There are 2 protein chains.
Amino acid sequence: MTSTNSIKPVQPDISISVCGYSKVLEIISNKWTALVIYSLEDGAIRYGEMGRRIEGISKKMLTQTLRQLERDGLVQRDITPSIPPIVAYSLTPLGETLLQPMRELNQWTRDNYSLVEKARATYDQTYTQE
Amino acid sequence: MTSTNSIKPVQPDISISVCGYSKVLEIISNKWTALVIYSLEDGAIRYGEMGRRIEGISKKMLTQTLRQLERDGLVQRDITPSIPPIVAYSLTPLGETLLQPMRELNQWTRDNYSLVEKARATYDQTYTQE
DNA sequence: CAGGATCCCACAGGATACTG
DNA sequence: CAGTATCCTGTGGGATCCTG
């Protein structure tokens, strides 16, 4: 509106720190984050069980991922200080707001992932030596 | 349905290779991928201009990101073999199906990112030495 | 103009051992 | 049970230089 010409911008106008796409992705795109959130969809779950349900995750990465999500206000940690302690995790209200967009992603995968795999196969065949 | 008890599963039932959340994220969560897709929202754009619009991207990463998206069938490459060549990129129909879920993510950021930042500030203040 | 080829490093993330 | 603490490696991505 302030510009009076129709020349496309020469100055960068897309940046990681501003683009809404990148900002969410920085939050949810660590290796285990999506799986941890997924495991919390049905409600609170204990640390140990989460570890057992998520294939291949180590305690270190489970803890680290949970801490990050806790720091971002997406996950809640509830401790019953018994011996041994009982620690349960759940989504916060803020965390639950992520479920809707995440489910859209899930739906996209169901609908389109096979096409991606087919495209990859075609691409690889095209650009492999022959 | 096949199980007759209500004991929660002990076997891992959440895995990277299956979870729909992770699978899309593997596609779109590289550092520059979201920004490249974003730059293609309004239609075809040339290589050079894309590079100029996306702040901080190098030619290497721009090319690499575009190649990946092309391999996944999400982006199309159109060459006019003049000298110098004119190369324009655009989303494929498959790539365009990603826009809807991406926009949901964008909307989530608009609505909730400030709450994430507040949560981080609180968390950091709580767990800093004092 | 639109890349390809190299070199290099930081850091995400794995393996293993220990603990309140 | 629910974590820490270390050590270590692979690789995503940056910097730089070259080319049809």
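Quick note on labels: first sequence line is chain A, next is B, and so on, each numbered from 1. Source: prediction; values computed, not measured.
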Quiz item: Please give, in whole Å, the distance from C/dA12 P to A/Glu26 CD?
Solution: 12 Å
Quiz item: Are B/Ser82 and B/Thr80 linked by a side-chain donor-acceptor pair shorter than 3.5 Å?
Solution: no
Practice problem: Could you please name the option among D/dA2, C/dG13, D/dG13 that lies closest to any side-chain atom of B/Asn30? | Solution: D/dG13
Practice problem: Taking only the side-chain heavy atoms of B/Tyr47 (C-beta and beyond), determine which of C/dA2, D/dA2, C/dG4 contains the nearest atom. | Solution: C/dA2
Exercise. Please figure out whether B/Pro84 or B/Ser29 has its closest DNA chain D nucleotide nearer the 5' end.
Key: B/Ser29
Exercise. Determine the contact category for A/Ser58: base if any of its heavy atoms lies under 4.0 Å from a base atom, sugar-phosphate if only primed atoms, P, OP1 or OP2 are that close, otherwise nothing.
Key: nothing
Practice problem: For B/Tyr127 and D/dG3, give me the distance from atom OH to atom P, rounded to whole Å. | Solution: 11 Å
Exercise. To the nearest Å, give me how far apart CZ (A/Arg46) and P (D/dC1) are.
Key: 8 Å
Quiz prompt | Interatomic distance where CD1 belongs to A/Ile83 and P belongs to C/dT19 [whole Å] | solution = 17 Å
Quiz prompt | Side-chain-base donor-acceptor pair under 3.5 Å for B/Lys60 and C/dG3 | solution = no
Quiz item: OP1 or OP2 of C/dA2 sitting under 4.0 Å from any side-chain N/O of B/Arg77?
Solution: no
Practice problem: Check whether the side chains of B/Asp72 and B/Gln68 place a donor and an acceptor atom closer than 3.5 Å, and report yes or no. | Solution: no
Quiz item: So, A/Tyr47 and A/Thr63: side-chain donor and acceptor under 3.5 Å apart, yes or no?
Solution: yes
Quiz prompt | Between B/Tyr89 and B/Glu49: side-chain donor-acceptor atoms closer than 3.5 Å | solution = no
Quiz item: Out of D/dG3, C/dG3, C/dC1, which has the shortest distance to the side chain of B/Pro85?
Solution: C/dC1
Quiz item: How many Å lie between CD on A/Glu49 and P on D/dG3, as a whole number?
Solution: 14 Å
Quiz item: Pick the nucleotide of DNA chain C nearest each of A/Trp32 and A/Lys59; which residue has the one closer to the 5' end?
Solution: A/Trp32
Exercise. To the nearest Å, give me how far apart CZ (B/Arg52) and P (C/dG3) are.
Key: 13 Å
Exercise. To the nearest Å, give me how far apart CG (A/Leu62) and P (C/dA15) are.
Key: 15 Å
Quiz prompt | Derivation and outcome, side-chain contact (heavy atoms from CB on, under 4.5 Å), residues B/Glu96 and B/Leu94 | solution = CA-CA 5 Å; B/Glu96 285 177 359; B/Leu94 179 58; over 6 Å; no
Quiz item: Roughly how many Å is it from NZ in B/Lys31 to P in D/dG12, rounded to a whole number?
Solution: 14 Å
